[in-house]
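Notes follow the structure.
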Amino acid sequence: MSLPLSSILAGGVLAVGAPVVVGGGAGVAQARVRWVHSSEVLEIAPLLSGGELLLTGGAALLALKPAAQAEYVWSLASRRVAALAVETAGTGRHLPAELVAAADEAGLPLIELRQVVPFVEVAEAVNRRIVSDQVTSLQLADRLSQALTERIASSGAQLGPLVELIAETLGLHARVVDSRGAVLASGGPEAPEGARGPDAELSVGGIGVARLELVGGPEADTELLETVLARVRSIVALALAQQHRPSLARLAEDELLRLIGAGGGGDRLIELSQAAGIRADQPVAMAVVRRPADGPSDIEQRARAALPSALLLVDGAWVDILMPLGGGGGEAERERVLGVLREAVGRAGLTGALGPTAPSVRQAAFSSPRRAPRGGWGARPSGPTRSTTPPTSSWSAWPRGRSPAVPWTRSSRSPSAS
C-alpha cells in the first residue's frame with residue numbers, strides 16, 4: 001500500500017519541518033509513498049526499491065560538487081524514489097540551484113525542510129499509516145473471500161451471484177470477460193463506455209481463459225482493488241471452471257494465438273492449429289485492432305460476425321486476429337479480408353492493421369503487426385523467417401484517411417493508418 005505524497009505534505013508530523021517543494025513539482029500529484037526512510041549515505045540508491053520518501057540532513061549531499069549532486073538525484077530517480085526531503089534548518093541557506101535543476105529535469109520531487117523535524121517521528125507516523133491501510137485492505141479482502149466461500153457453500157459455484165457480491169461489497173462495477181471480449185458475468189452500476197480498472201487473469205486447466213475486472217471511478221483505490229483481486233481470483237476461477245469450462249478447441253485456439261504472439265513455433269504450433277481447425281499448410285494472415293479507452297466495446301463481435309472463421313484473442317488494449325485464407329492465400333483474398341475488416345471495424349473509427357500473408361501457420365508470427373518491421377507501414381518484413389518462403393504482401397492499415405497514428409516499431413508503438 002502507499003499514500004499520496006501530497007497528503008503527507010499537507011499535514012501531519014512532516015508539517016513541523018515547514019516543507020517546501022522546490023524542485024520536481026510536476027511529479028508531486030502523481031507520486032505515492034510506499035515507505036519513509038532516512039539516510040545520509042550517498043550511495044543509497046541501489047538499496048532502495050521504489051516509492052520511498054527519503055529524508056536526509058543534507059550535510060554530505062550539499063558538500064558535493066554540483067555534478068555529483070545531480071548524479072545523486074538521478075540515481076534516486078532511476079530507482080523510482082517518490083521524493084527527496086533535505087533539511088536546511090540552521091544552515092542559513094536554501095538548496096542550490098543546480099540541485100533544484102537536476103530534480104526538475106529528473107522529475108524527482110525535491111522538498112526543502114526549513115525547520116527541524118525529528119526524522120524518526122516522521123518515519124513512524126507515515127509508515128504506521130501505510131501499514132494500517134494495508135491491514136485494512138487485507139481485512140476487507142479476507143472478509144470478501146469468506147463471503148464468496150459461504151455463497152458457494154449455500155448456493156453453489158454460480159458465477160453471476162459471485163460477481164454481483166464482489167461489486168456490491170466494493171461499490172463498483174465488476175465483470176468477468178473471456179479472452180474474446182465477451183462478458184460472461186457482471187454486477188454493480190454500469191461502467192462508462194470504455195472504462196477499465198485493475199484486472200486479474202482467471203485460469204482453467206492452467207490456461208488463462210478470462211479476466212476479472214474491477215472498474216471503479218477516478219477516486220477508486222487501485223492498490224486496494226489489486227489486493228482484493230489477489231484474494232478472490234481463485235474463487236471466481238472455480239465458478240468459471242464449473243459453469244463456463246471452455247471446449248478443448250477453444251483452449252487450443254487461445255493457446256495458439258498466445259504462442260504466435262510470443263513468436264513460438266515447432267510441432268506444438270501445428271498440433272494447436274489442427275485442433276483449432278486450421279490446416280498446417282493453409283495460408284494465414286494476422287491482424288491487430290487497438291481498443292481505445294473511449295472507443296466501442298464490440299470490436300470482437302464486429303470482427304467475428306464479419307469473419308466467422310477467424311480466431312480472436314483479447315490481450316489488454318489489443319485484439320489479435322488470426323485469419324485462415326482461402327483461394328491459396330493470393331492477393332485477391334487478402335484484399336477481400338482487408339476490405340471486410342475496414343467495413344466491419346474501421347468504419348467505427350478504430351485503427352487496425354493487417355499483416356502480410358504467411359504461407360502457413362508456421363510463419364504466422366511474422367505476419368503479426370505487433371512484430372512489424374521498422375520503417376513504418378508499407379515496408380516488407382525483413383530478417384530470417386522459419387520458412388524458405390517469406391510472407392508475402394505489404395502491411396496495410398485501416399481506416400484510411402482517419403485520425404493520424406504513430407508508426408509501428410518493434411519497441412511497442414501502435415499501428416498507424418496508411
Side-chain angles (χ1 to χ4, degrees), residues 1-41 44-45 47-58 61 73 76-89 95 103 106-146 166 169-172 197-198 200 214 216-232:
M1 302 300 293
S2 62
L3 296 174
L5 175 62
S6 56
S7 71
I8 297 174
L9 294 173
V13 67
L14 189 62
V16 176
V20 177
V21 178
V22 296
V28 172
Q30 292 77 35
R32 298 190 66 87
V33 176
R34 187 183 56 81
W35 202 249
V36 176
H37 183 70
S38 62
S39 177
E40 304 301 319
V41 177
I44 189 67
L47 304 180
L48 304 177
S49 56
E52 293 89 356
L53 168 57
L54 182 61
L55 309 176
T56 180
L61 172 62
V73 167
L76 299 181
S78 68
R79 301 297 294 181
R80 300 185 182 278
V81 169
L84 170 65
V86 183
E87 189 176 81
T88 60
L95 296 179
L108 175 70
L110 177 63
I111 303 162
E112 184 176 317
L113 300 175
R114 296 178 176 176
Q115 299 293 332
V116 175
V117 58
F119 286 175
V120 64
E121 293 182 9
V122 175
E124 285 181 351
V126 177
N127 291 342
R128 188 183 299 116
R129 287 177 57 191
I130 293 172
V131 172
S132 177
D133 285 355
Q134 186 173 24
V135 170
T136 300
S137 297
L138 290 172
Q139 290 174 338
L140 173 60
D142 286 341
R143 288 198 301 271
L144 179 54
S145 177
Q146 181 65 29
I166 293 172
T169 302
L170 300 176
L172 45 63
L214 303 179
E219 302 301 322
D221 187 337
T222 301
E223 293 179 339
L224 167 63
L225 299 184
E226 290 174 344
T227 299
V228 170
L229 283 169
R231 276 287 199 273
V232 307

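The first residue in the sequence is number 1, and the count goes up from there. Just so it is clear, the values below take in all heavy atoms, side chains as well, and ignore hydrogens, waters and symmetry mates.
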#### Entry: Expected output: side-chain Glu52 to main-chain Gly50 donor-acceptor under 3.5 Å
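Pair found, side chain donor or acceptor close to backbone of Gly50.
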### Query
Donor-acceptor pair, Thr56 side chain versus Ser39 backbone, under 3.5 Å?
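The answer is yes, because a donor-acceptor pair under 3.5 Å joins these two groups.
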### Query
Is there side-chain contact between Val131 and Trp35, with heavy atoms separated by less than 4.5 Å?
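Yes, at least one pair of side-chain atoms sits under 4.5 Å.
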#### Entry: 4.5 Å side-chain heavy-atom contact, Ile111 and Leu84
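Side-chain contact under 4.5 Å: no.
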For residues 4-32, which side-chain donor-acceptor pairs fall under 3.5 Å, sequence neighbours excluded?
from	atom 1	to	atom 2	distance (Å)
Ser7	OG	Pro4	O	2.8
Arg32	NE	Ser2	OG	2.8
Arg32	NH2	Ser2	O	3.0

### Message
Is it the case that the side chains of Arg80 and Ser49 hold a donor-acceptor pair, with the cut-off being a distance below 3.5 Å and no angle test?
### Response
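No donor-acceptor contact under 3.5 Å links the two side chains.
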Write down the atom of [X], the atom of [Y], and the distance for their closest heavy-atom approach.
X      : Y      : result
Leu172 : Gly216 : CB-CA, 4.0 Å
Leu225 : Leu214 : O-CD1, 3.8 Å
Asp221 : Met1   : OD2-CE, 4.0 Å
Leu113 : Ala85  : CD1-CB, 4.0 Å
Val73  : Ala106 : CG1-CB, 4.1 Å
Val228 : Leu144 : CG1-CD2, 3.6 Å

### Task
Using the side-chain contact (heavy atoms from CB on, under 4.5 Å) rule, take Ser38 and Leu54 through it: C-alpha gap first, then chi angles, then the decisive distance, then the call.
CA-CA 5 Å; Ser38 62; Leu54 182 61; 5.9 Å; no
Name the atoms and distances for all side-chain donor-acceptor pairs under 3.5 Å in residues 116-127, with sequence neighbours left out.
from	atom 1	to	atom 2	distance (Å)
Asn127	OD1	Val36	N	2.9
Asn127	ND2	Val36	O	3.3
Asn127	ND2	Ala123	O	3.1

### Message
Test of understanding: with salt bridge (charged side-chain N to carboxylate O under 4.0 Å, His left out), list the residues that count as partners of Arg129, not counting sequence neighbours.
### Response
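For Arg129 there are no salt bridge (charged side-chain N to carboxylate O under 4.0 Å, His left out) partners, ignoring immediate neighbours.
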### Query
What pairs with Asp133 under salt bridge (charged side-chain N to carboxylate O under 4.0 Å, His left out), at least two apart in sequence or on another chain?
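If we apply the salt bridge (charged side-chain N to carboxylate O under 4.0 Å, His left out) test to Asp133, skipping adjacent residues, there are no hits.
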### Message
For a side-chain contact (heavy atoms from CB on, under 4.5 Å) check, start with the C-alpha distance between Val81 and Leu53, then their side-chain angles and the critical distance, and finish with the verdict.
### Response
CA-CA 7 Å; Val81 169; Leu53 168 57; over 6 Å; no
#### Entry: Inter- and intrachain pairs under salt bridge (charged side-chain N to carboxylate O under 4.0 Å, His left out), touching residues 8-21, at least two apart
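Residue pairs with at least one partner in residues 8-21: there are none.
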### Query
Going by the salt bridge (charged side-chain N to carboxylate O under 4.0 Å, His left out) test, which pairs reach into residues 222-231, not counting sequence neighbours?
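Applying salt bridge (charged side-chain N to carboxylate O under 4.0 Å, His left out) to every pair that reaches into residues 222-231, excluding sequence neighbours, yields Asp142-Arg231.
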### Distance, nearest 0.5 Å, that separates OG1 of Thr88 from CZ of Arg114
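Between Thr88 OG1 and Arg114 CZ, I get 6.5 Å after rounding to 0.5 Å.
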### Message
Walk me through whether Leu140 and Thr169 qualify under side-chain contact (heavy atoms from CB on, under 4.5 Å).
### Response
CA-CA 9 Å; Leu140 173 60; Thr169 302; 4.1 Å; yes
